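Notes for the one structure printed next.
Please read all numbers here as calculations on a predicted model, not as lab measurements. In the text below, chain A, chain B and the rest are named by the order of the sequence lines, each starting its count at 1.
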Amino acid sequence: MDFKSTLHLPDAEATIPMKANLPTLEPSIQQIWDSEAIYHKLQEARKDCPSYVLHDGPPYTNSPIHIGTAMNKILKDFVLKSRQMMGFRTPYVPGFDNHGLPIEQAVMKKFVEKKITPTIPELRQACRDHASEYLAIQRDQFKRLGIFGLWEKPYTTMDFRFEAEIVRVFRRLVEKGYVYKGLRPTLWSPTSRTALADTEIEYHDHVSKAIYVRFPLKSDPNQELAGLDNVYTVIWTTTPWTIPANLACAFHPEFNYDVVKVGNDHYIILQDLVAKVAEKVGWAEYTTVKTLEGINFDKIEFKHPIFDRSSLAVMADYVTTEDGTGVVHTAPSHGRDDFFTGQKYNLGVPNTVDERGVLTHEAGEFEGVFYKNCDTVVVERLQEVGALLSVSDYQHSYPYAERDGQPVIFRATEQWFLSLEHEGLRGRMLDSIQDVNWVPSQGQNRIEAMIRNRPDWCISRQRPWGVGIPVFYGRKSRVPVLDPVAIDAVANLVEAEGSDAWFIKEAADILPAGYVHPETGETEFDKETDVLDVWFDSGSTSLAVLEGNVYPEWKENWPADIYLEGSDQHRGWFNTSLILGQATRDGAPYNTVLTHGFVTDGEGRKMSKRLGNVVDPVKACADYGADVVRYWVAGTDYANDVPCSDPILKQFGESYRNIRNALRFLIGNLKGHTADSVETLLPIDQWFIEQADLLVTDCIDAYERFDFGTVMSSVHNFCRQQLSAFYADAVKDRMYCDAEDSAERRSGQQACYEVAEKLIKLIAPVLVHTAEESWLKMHETLGVKPTSVFFETFDAVSIDEIEGSELQQRFAAVIAAKQVVNSSFEPYKGTDGIKNSQDVVAKLAVDATEKQLLETFTADELANFFKVSWVELAEGEPAVTFVKSPYNECIRSRVRRPDVAEVEVDGEKVFLSARDRKVLDL
RNA sequence: GGGCUAAUAGCUCAGUUGGUUAGAGCACACCCCUGAUAAGGGUGAGGUCGCAGGUUCGAGUCCCGCUUGGCCCA
């Protein structure tokens with residue numbers, strides 16, 4: 001008789017295949033999601049539930065996604081899918097950031113190759129096309145990662161209606177009085193008369209005139225220098241043309257400065273640099289008369305060496321002990337540091353150089369001098385007034401414009417600003433920060449420091465690819481129109497024809513007929529040519545998306561529940577979104593901000609093409625599958641830097657297989673099972689389900705804390721320990737050998753079913769494809785019409801009655817005893833020809849309590865749990881001994897029990913256990 | 001140079017308020033099973049917790065310095 005055919009072995013057809021083949025499986029599952037419009041159905045299914053809104057930070061559309069972008073989107077998907085399965089409605093409108101310099105430069109490169117000089121509308125169209133191309137690529141790549149969202153209607157900052165909303169956000173700021181025009185230093189090419197971006201600069205060797213200049217002390221309110229005559233400080237600069245714009249001398253507050261006496265004069269110079277300066281300016285002898293910390297000079301005034309005005313002593317931490325004198329010439333119009341220091345001290349920004357590089361009337365007697373000629377004109381004048389201590393040629397690296405190879409300068413240009421001081425905006429933001437949940441909490445320090453120290457936001461850029469700043473100027477007066485009516489006219493145009501139209505149409509065609517300048521009464525206008533900083537675009541997204549004025553289907557409560565981005569966005573998106581949120585709606589646009597670190601290579605180093613250590617997420621999906629990539633994201637500590645490499649992905653692939661095979665086993669036992677077929681469960685089955693309940697409770701808690709690592713390691717450990725190492729071994733005999741319809745077998749099936757269901761749901765937010773595959777297959781096997789696992793909710797149960805229950809104690813005793821049996825058996829192996837624990841009887845001595853717990857099971861059950869032939873219990877010092885089993889092996893179930901007896905079947909004598917004889921009706 | 005942050009077995013991670021021989025999984029070695037089988041089980045070998053000081057009866061855990069990596073800024 002073929003006994004094997006009478007067993008109920010797992011049916012390979014009834015369960016998921018062992019080999020996942022994720023790279024081909026995943027697209028087929030995504031196909032189902034697409035055709036079923038899964039995202040929409042999920043929203044619909046939760047339409048009356050509380051919402052959990054994640055507002056997406058838009059990636060920039062100038063390249064395919066990289067592993068960092070992939071990780072970010074995957075983390076967002078974890079958050080949304082886990083909240084969805086907690087019962088929330090979780091809408092997700094993905095975003096894309098389209099305007100800005102990198103796209104413009106990529107497009108320009110193509111024009112240059114074709115030797116075409118595009119008009120602005122042509123250039124903008126090419127930028128739009130470029131952005132659209134990569135937007136489509138990125139969208140498909142994100143979908144390949146298994147990300148759910150409103151992919152057919154993402155928000156894109158170049159969408160006409162979105163651009164119009166950005167214009168309207170600008171209007172709201174104007175209405176509330178935050179917007180002003182001011183001067184700010186910009187990198188400027190005097191030869192091509194344009195502002196330049198940092199990326200358009202290259203550094204070359206350059207010879208400048210380096211000068212040491214003395215500034216006489218004018219007033220000394222602190223009396224730090226009382227009693228000293230002829231006191232000066234000394235600055236060093238390589239740009240003599242900026243001397244007319246000098247407004248301050250910067251000291252480092254913590255460094256020591258010496259006051260040295262040279263002849264009848266006293267000079268304040270950084271202690272470490274005195275000797276160097278003395279040599280440069282030719283002081284043969286000097287004596288130090290006093291030493292002061294930089295902070296002591298705060299608010300002291302010096303006199304400008306040429307003009308009759310003061311030069312304030314200010315504190316700055318960028319002062320170094322390397323070059324110059326330790327006292328930094330500060331001209332807010334001509335350097336970024338200088339400008340920010342100037343802002344802090346309210347120094348103003350003189351406009352001393354015009355667009356041609358020629359000094360203006362604000363430079364007084366130097367008006368009309370080309371900046372380079374100041375090397376002689378200004379230097380001679382300093383010499384005349386006795387302020388020049390030294391002049392020499394100085395070779396250093398200096399910025400040149402890439403486009404014409406000519407040197408560039410920093411010059412003050414008119415820019416649009418958003419004031420952080422208006423209506424106490426900065427303070428209100430600092431207050432709002434306190435109410436936001438920063439995860440991890442260090443994020444709060446970081447953004448607080450940045451908001452506290454950042455200057456007013458310069459929101460204008462002299463660039464073609466962006467949203468045009470909707471400001472008109474009176475043609476004659478040049479007075480800007482900051483009028484909501486005029487801005488709305490622009491918004492309406494942009495909504496209909498895009499921001500491109502702003503660059504094409506005349507002012508008269510945009511403004512309402514007969515529009516009159518509210519301040520000057522003029523009727524003829526010119527348009528602003530600057531565009532908004534791209535951070536203004538992205539800073540507006542919470543308003544544009546959540547307020548629902550652009551597309552009503554995006555509308556959700558403002559603020560969003562959560563923002564989730566890399567830690568670099570403290571300076572970027574979190575920062576600018578906060579400014580615009582606070583200015584327009586007096587609050588932060590987010591309740592929680594979750595940040596993650598950056599992806600590094602396996603050695604913890606930054607990924608770069610040069611080092612060749614880049615992991616491509618698209619290739620990783622093709623090699624390992626998106627679920628493995630997602631498992632990697634879940635399994636790493638995203639609060640810190642996250643290492644990624646082929647070996648690391650491979651490792652997660654191994655762990656993945658373990659979970660997969662556990663599910664495969666559970667589902668493989670479900671054939672013939674119906675969910676409501678079992679009323680009473682065997683103790684071990686009850687125990688197994690309860691263990692899964694404990695797991696579910698831990699995992700829900702971890703999901704709530706965004707701790708995906710704990711979810712996956714808990715699930716993995718459950719599959720290894722409770723499931724594979726214990727329950728699966730114990731349940732097999734029953735599943736395979738008992739009668740198909742026996743209560744025992746049905747009980748086991750019920751446990752397998754319930755636990756499979758719980759496990760699949762738990763892994764669903766992370767291993768999306770595997771969960772869906774398993775869910776569908778399981779229901780197919782059960783003969784139930786399958787729907788997506790994502791409609792389900794986690795099986796939250798109260799575990800109060802589980803923890804410490806008698807049942808749990810009984811099995812804790814079993815597992816503890818099993819461990820003792822295992823480790824004791826290891827050295828016994830090989831003796832007496834014994835290789836397998838099934839061939840021995842275990843004589844187990846345990847203490848009284850343990851014995852009592854173990855005795856609640858039959859010897860038959862214990863033998864099954866321990867995978868031995870038979871078990872004999874005794875009370876005593878804990879110990880295990882083994883003897884070779886005296887019992888025959890059942891040919892059908894392979895057990896070696898006392899009840900195995902010889903019977904004749906089909907004329908053949910075989911050994912069968914009592915249970916097997918019964919099942920076979922023998 | 002400044003701000004924020006990290007460093008625990010080959011790899012990915014746990015290690016509550018300082019307290020017995022520092023845990024788990026993956027990988028590895030040996031063994032078992034061959035009715036989860038390109039699976040599963042058992043056992044084991046891997047760590048002076050980045051380095052150097054300090055506080056303490058006692059430190060992976062607290063303090064100081066250094067080294068190395070990461071993000072942001074200069």
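A:M735 has its CE atom 12 Å from the P atom of B:rA36, to the nearest Å. Taking atom CZ of residue A:R571 and atom P of nucleotide B:rC71, one finds them 15 Å apart after rounding to whole Å. Here B:rU43 presents its P atom at 18 Å from OH of A:Y828, a figure rounded to the nearest Å. B:rA36 atom P lies 17 Å from atom CZ of A:F726, rounded to whole Å. Atom CG of A:D839 is separated from atom P of B:rG42 by 18 Å (rounded to the nearest Å). In this structure, A:F339 atom CZ and B:rA74 atom P are separated by 13 Å, rounded to whole Å. Atom CZ in A:R605 sits about 16 Å away from atom C1' in B:rC71, given to the nearest Å. In this structure, A:Q838 atom CD and B:rG42 atom C1' are separated by 12 Å, rounded to whole Å.
As rounded to the nearest Å, B:rU56 and B:rC62 have C1' atoms that lie 10 Å from one another. Comparing the same atom, C1', in B:rC4 and in B:rU8 gives a spacing of 23 Å after rounding to whole Å. Nucleotides B:rC63 and B:rU17 place their P atoms 12 Å apart, quoted to the nearest Å. Across the P atoms, B:rG53 and B:rG42 are found 43 Å apart, a figure rounded to whole Å. Across the C1' atoms, B:rG18 and B:rC49 are found 15 Å apart, a figure rounded to whole Å. The separation of B:rG50 from B:rG69, taken at their C1' atoms, amounts to 11 Å, rounded to a whole angstrom. Only the C1' atoms considered, B:rU20 is 45 Å distant from B:rG2, to the nearest whole Å. Between B:rA22 and B:rG46, the two C1' atoms lie 13 Å apart (nearest whole Å).
Closest of all the heavy-atom pairs between A:P185 and A:H334 is CB-N, 4.1 Å. Taking all atoms of both residues into account, the shortest heavy-atom contact from A:F574 to A:E565 is CZ-CB, 3.5 Å.
Heavy atoms of A:Q721 sit under 4.0 angstrom from primed sugar atoms or phosphate atoms, though from no base atom. Looking at heavy-atom distances under 4.0 Å, A:D337 makes contact with sugar-phosphate atoms alone, never a base. Heavy atoms of A:S893 sit under 4.0 angstrom from at least one base atom. Across all strands shown, A:N717 has heavy atoms under 4.0 Å from sugar-phosphate atoms exclusively, and none from any base. Residue-level contact check: A:G604 touches the backbone only, with heavy atoms under 4.0 Å from sugar-phosphate atoms and none from bases. At a threshold of 4.0 angstrom between heavy atoms, the contacts of A:N453 with the nucleic acid are absent. At the heavy-atom level, A:K829 lies under 4.0 Å from base atoms of the strands shown. A:R452 comes within 4.0 angstrom of nothing in the nucleic acid, heavy atoms only. A:E826 comes within 4.0 angstrom of a nucleotide base, judged by non-hydrogen atoms across all strands. Among the heavy atoms of the strands lying under 4.0 Å from A:R894 is at least one base atom, whether or not backbone atoms are also near.
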Q: Start with the C-alpha distance between A:K777 and A:E773, add both sets of side-chain angles, then the distance that settles salt bridge (Lys or Arg N to Asp or Glu O under 4.0 Å), and finish with yes or no.
A: CA-CA 6 Å; A:K777 188 70 197 179; A:E773 176 199 15; over 6 Å; no

Q) Given A:F718 and A:F688, is the ring-ring contact (aromatic ring centres under 6.0 Å, His included) satisfied, shown in steps? A) CA-CA 10 Å; A:F718 178 88; A:F688 186 48; 5.8 Å; yes

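Listed by first and then second residue, the side chain to side chain donor-acceptor pair (under 3.5 Å) pairs that reach into residues 638-651 of chain A are A:Y624-A:D646, sequence neighbours excluded.
Checking B:rG35, B:rA36, B:rU43 against the side-chain heavy atoms of A:N822 singles out B:rU43 as nearest. Listed nucleotides B:rU43, B:rC71, B:rC26 differ in distance to A:S567; the shortest reach to its side chain belongs to B:rC71. The side chain of A:D729 lies closest to B:rG41, out of B:rG35, B:rG41, B:rA36.
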Q.
For nucleotides 3-15 of chain B, give me one character per nucleotide, 5' to 3': B if any protein heavy atom sits under 4.0 Å from the base, S if the only such contacts are to the sugar-phosphate, - if neither.
A. BSSS----BSSS-

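Between A:L649 and A:C644, the closest side-chain pair of non-hydrogen atoms falls below 4.5 Å. Contact annotation: the side chain of A:F706 never approaches that of A:H596 to less than 4.5 Å [non-hydrogen atoms, C-beta and beyond]. Residues A:V880 and A:F866 fail the side-chain proximity criterion, which asks for heavy atoms closer than 4.5 Å. Contact check for A:L594 versus A:L75: no side-chain heavy atoms found under the 4.5 Å cut-off.
By the 4.0 Å N-to-carboxylate-O rule, A:R660 lies too far from A:D627 to be salt-bridged with it.
For the pairing with A:N575, the side-chain hydrogen bond (donor to acceptor under 3.5 Å, both in side chains) check across A:H570, A:Q569, A:R454 returns one residue only, A:R454.
Looking at A:R896, its side chain never comes within 3.5 Å of a backbone N or O of A:S869 through a donor-acceptor pair.
Donor-acceptor pairing under 3.5 Å, judged by distance alone, is present between the side chain of A:S724 and the base of B:rA36. A donor-acceptor contact under 3.5 Å is not formed by the side chain of A:K650 with the base of B:rA27.
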Q) So what is the 5' to 3' dot-bracket string for RNA chain B, if pairs are Watson-Crick or G-U wobble with both distances under 3.5 Å, crossing pairs use [ ] and | means the partner sits on another strand? A) (((((((..((((.....[...)))).(((((.......))))).....((.((..]....)).))))))))).

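Under the 90° criterion around 0 for the glycosidic angle, B:rG46 counts as syn.
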